Structures are given as C-alpha cells and as structure tokens.
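Report on one structure; see the data block that follows.
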Amino acid sequence: MKSVSGGRGIPVIAVVGGGPAGVMAAIAALEESKRVIVYNKNPWPGKKISAIPPEEFIISEKISPAKMALQFGEKAKFVNPILKAFTYSDLMSFFKRIGFDIKADLNGHFRANGYPIGDIIDAVRARARELGVEYMKSARITDIVVERKRVSGVVVNGSKRPAAAVILATGSISSPKYGATADGYEIARRLGHNIREIRPAMVDLIPDGRYNQILAGGKYSNIKVTIQIDGKSIYSEISEIKFTQSSISGPAILNHSAEILEKLPNSKVELNLDLLPQMDKEQLNEQFAQALVKRDIVSLGEFLAGQIGEKMTQAIIKFTHIDPTKSLMRISNLERKALILAIKDFHIGIKGAKPFNYARGVKGGIDTDFIDPETGQSKIIKGLYFAGAVMDVLGPWGGYNMQFAFSSGYVAGKAAAAFVE
Ligand SMILES: Cc1cc2nc3c(=O)[nH]c(=O)nc-3n(C[C@H](O)[C@H](O)[C@H](O)COP(=O)(O)OP(=O)(O)OC[C@H]3O[C@@H](n4cnc5c(N)ncnc54)[C@H](O)[C@@H]3O)c2cc1C
C-alpha cells in the first residue's frame, strides 16, 4: 500500500472506520480516481463483522429498496434514497465481481452461502488495495478539524492529517469488544450535531430462570411469540426462538428488545409462546384423542415429545406438574386442558437483557435531521459525510443493517468524490 505522505497536492478523502460502511465508502471514492486514506481503530478492516457467527450472518435481503426502507420505520424516508442508490442487487454484483456468487435463500436472506466470512472480507480489502487505498491500521481518530464550517483534516495520535472531505463511519457502540467506540458520536456532537440517546438494541433477553436449565440449547423455528408488557400484548409473530443457559433470542425478540428494555425493570414483561401455532386448542385436543385411539403412544411424555420436542416437554411438565410417565389413558380431562393451555400459552418472564457487549445494534446515534440523505453530507459542516451505523438508523433483524451500511458508504463515497473535484 502507498504511504500516507505520498501523492501530495491531491485532495485527500479521509474515511474514519473500516467496517462495511467505511470500506464501501473508500471503494466508491477510489473508483472515481480519488485519493482515499482509511483510518481504522481496528488492526484490519471488517474485524467486527468477522466476529459474527456464520450461521447468524445475513448480508442483505431480496426486497425492493422501497419495501426495505419501510422496514426502517420512522427512518423510511431518510433511508429510501440511500437504499435506492445502491441496492441489494448492486451489492451482490459487487461481490460477484470480486469472486463471490451469493444467492438469496428461500426466505430472501443473502447469507455467506458457505463462503468463509474472512475470505469475503479479504477480497473486499484486496479490491480496495487494487484501487490504491491508503490504509492506516490501529489508527484511532480523536477529532475532525473544521475551518469556517468546512472540514480540513482529522486528528490521529495528536497530530493533524489534512483532508478535503471526511467520511465518518465509526459504527455504533454495540460490541465494544470488537473495536466499537463512541468516538463518532462525540466528534459529531462537538461539531454541533445532535446525538439521539444511545440504547442497546437487538440484544438477547434474560428470562427469569425457571426454565433455563431445561431449555438451554433448544432452537425452535415455528413458535408464535407474543410479547406482553404489563399484561398488554404489544407484538405477536411466528418466529424462530433460541435458548442458551442464560438467555433467549430470535428475530421477534431481537427486534423488540430495545422497546422491552425501555420498560424494564418497572414493568412486567412476559413472552407468551404458542408452541404449536398451526393447531388451535380443538385440533390439539383431537391429537390427544387420536393418540388414545391408536394406543401406540404409551406415556404422556412420549406423546408431548412427538408434538413439541424433548426440552419443551420437560418445561411443560415442570409447569403443569403432571407425571410424564403417566399413561395417556390415565390423563384426566382437567389435566388434558391444563396441558393444552400450557402448550398454547406458555409464559416466560423476562428480567433483563444481556449487556451492550452482546448488542447487535443500538437505538440512537447522530440525528439524521442533520444529514442530507441524498449525499450523506452534514447539513452544518461542508465536506463532512456520515455512513453506516454511527447514524441514528436501525433496521430490523436480518440483512437490513449491513445493506444500509454498504449503501450509505457508497452514497457518501460518491458524494465526497464529487465534493473534492
Ligand atoms: C454480533 C453481531 C451480529 C450482527 N449480525 C448482523 C447480520 O447478520 N446482518 C446485518 O445486517 N447486521 C448485523 N449486525 C450489524 C452490523 O454488523 C452493522 O450494522 C454493521 O457492521 C455496521 O457497519 P459500520 O461500518 O457502520 O460499522 P462497524 O462495522 O461497527 O465498523 C466501524 C469501524 O470503525 C472503527 N472505529 C471506531 N471508532 C474509530 C475511531 N475513532 N477511529 C478510527 N476507527 C474507528 C471500528 O473499530 C470499526 O472497525 C450484527 C452486529 C453484531 C455486533
């Protein structure tokens, strides 16, 4: 790679942050033949995303930009032009050009398709290198220098490095163990931007503990999850759900964790699980009756395990206190009713959430009212651009946030390139 001091006289675009947003911003500007220096606190680009477990990793969603924008709720209007400027299909074409043919799965998620995430990151990095990026590793930017409301440089290790445009792509504060910082918020605040309160989001919840041991390791793909706050249902969805020794997660839970955290500890939060949403109570009763007629299932435990799996069976048994070895023939009507009720409306109390270190995103960040969505440029400082999760933008679980990071990086990179013309 070239040294930072090389090519004097050519205006520099400084990209602060080497996550998906920063790297895509750099590539977009380099493609316009600009001089780009990436300053990254981490030793290598994409360190944070390389820590995402491969089975969780979703790069984007096969959905039109307009529909994708709607998934960002109140930010739909802001993200729409950004997602339109660089769509999932632009992103997949980019990956194809660098050697990764990524196809959507049946649910429309673009996953890594068996490619090691590290290989994808290496190829993106190689593309940036090929275009001539200057990369400053382990370089933490502490400030952006502004003169007469226009950027003129960045501060690294106490000294100023000139820059005609700066793209701030420092990400959110989620997962500090992988290099996340609050620097972007602080720098933007000092320059006059409003910062919306930062709260952890998309984080596993901590159940009250009654069923932790029993359910740990259980993963279910077809459960109706209803979130109740102080007895009121706020959301209901058929979703995947996963249990560990100490936590519970899954798309429906992750998407509402921020809302739930706002209510705790003052409100009572419960997850009501319908373990067999495809059957109503009558149909489930019919299943019991049929099992009795067939007589090939002897015990209650065996019958329940066939319907809801071993771990959930143990949880239902613990809840109803009915002996699982009891023959189905000997289950009373009252017991049958209690079992059906437990299967259709199984309550898990929630007492908290895992700490920030485990959050996949945050609510809050740089107020988008201060940012032009067509370019990513600050409305108050010329030559300052924002990209990715440092902004107060959060999409739902899936590939929405990564796509937004790439799209906003692309938009900021192209706009900064035009700015330094
Ligand atoms: C566990 C986990 C799982 C996730 N899974 C998914 C998923 O499957 N799909 C999805 O769409 N999203 C997922 N996300 C969210 C996704 O990772 C983010 O939306 C995305 O990484 C945001 O990209 P970014 O470039 O804006 O920020 P980041 O990826 O956070 O990159 C920011 C970079 O800036 C650097 N930096 C910070 N401060 C400074 C500074 N002062 N100077 C220089 N550099 C600095 C950081 O070290 C980092 O390298 C997940 C997140 C986590 C934590």
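Each ligand, and each atom within it, is numbered from 1 in the order the structure gives. Predicted model, so just to flag it, every value in this text is computed and none were measured.
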Which of these, Ile58, Asn401, Thr142, Val156, has its nearest heavy atom closest to atom 8 (O) of ligand 1?
-> Ile58

Starting from atom 48 (C) of ligand 1, find the nearest protein heavy-atom neighbour and note its residue, name and distance.
-> Asn40 OD1, 3.8 Å

Min heavy-atom dist Ala180 to ligand 1 below 4.0 Å | no

CG (Leu394) and NZ (Lys363) are apart, to the nearest 0.5 Å, by 7.0 Å

Of the choices Glu55, Arg360, Glu56, which has the non-hydrogen atom that lies closest to atom 51 (C) of ligand 1?
-> Arg360

Atoms in ligand 1 flagged as close to Ala139, the criterion being non-hydrogen separation under 4.0 Å = 42 (N), 43 (C)

Gap between atom CD of Gln287 and atom CD1 of Ile340 - 0.5 Å precision = 10.0 Å

Take atom 39 (C) of ligand 1 and look for protein heavy atoms under 4.0 Å from it; say yes if you find one, no if not.
-> yes

Answer with yes or no whether the side chains of Lys224 and Ser239 bring together a donor and an acceptor at under 3.5 Å.
-> no

Of His109, Arg111, Met402, which has the heavy atom at the shortest distance from atom 13 (C) of ligand 1?
-> Met402

Only one of Phe94, Tyr115, Phe110 passes ring-ring contact (aromatic ring centres under 6.0 Å, His included) with Phe100; say which it is.
-> Tyr115

Full working for side-chain hydrogen bond (donor to acceptor under 3.5 Å, both in side chains) between Tyr135 and Asn40 | CA-CA 8 Å; Tyr135 182 69; Asn40 193 22; 3.0 Å; yes

For atom 10 (C) of ligand 1, the closest protein heavy atom turns out to be Gly398 O, 3.2 Å

Around atom 41 (N) of ligand 1, find the nearest protein heavy atom and jot down its residue, atom name and distance.
-> Asp183 OD2, 2.7 Å

Run down the list Lys41, Glu186, Met24 and name the one with the heavy atom closest to atom 45 (C) of ligand 1.
-> Lys41

Any side-chain donor-acceptor pair under 3.5 Å between Asp230 and Ser267?
-> yes

Heavy-atom nearest neighbour in the protein, as seen from atom 31 (O) of ligand 1, with distance rounded to 0.1 Å | Gly19 CA, 3.4 Å

Could you tell me which atoms of ligand 1, counted from 1 in the order shown, lie closer than 4.0 angstrom to a heavy atom of Ala359?
-> 53 (C)

Between Ser93 and Asp90, does any side-chain donor sit less than 3.5 Å from a side-chain acceptor?
-> no

Using only heavy-atom distances, determine whether the side chains of Ser138 and Lys41 contain a donor-acceptor pair under 3.5 Å.
-> no

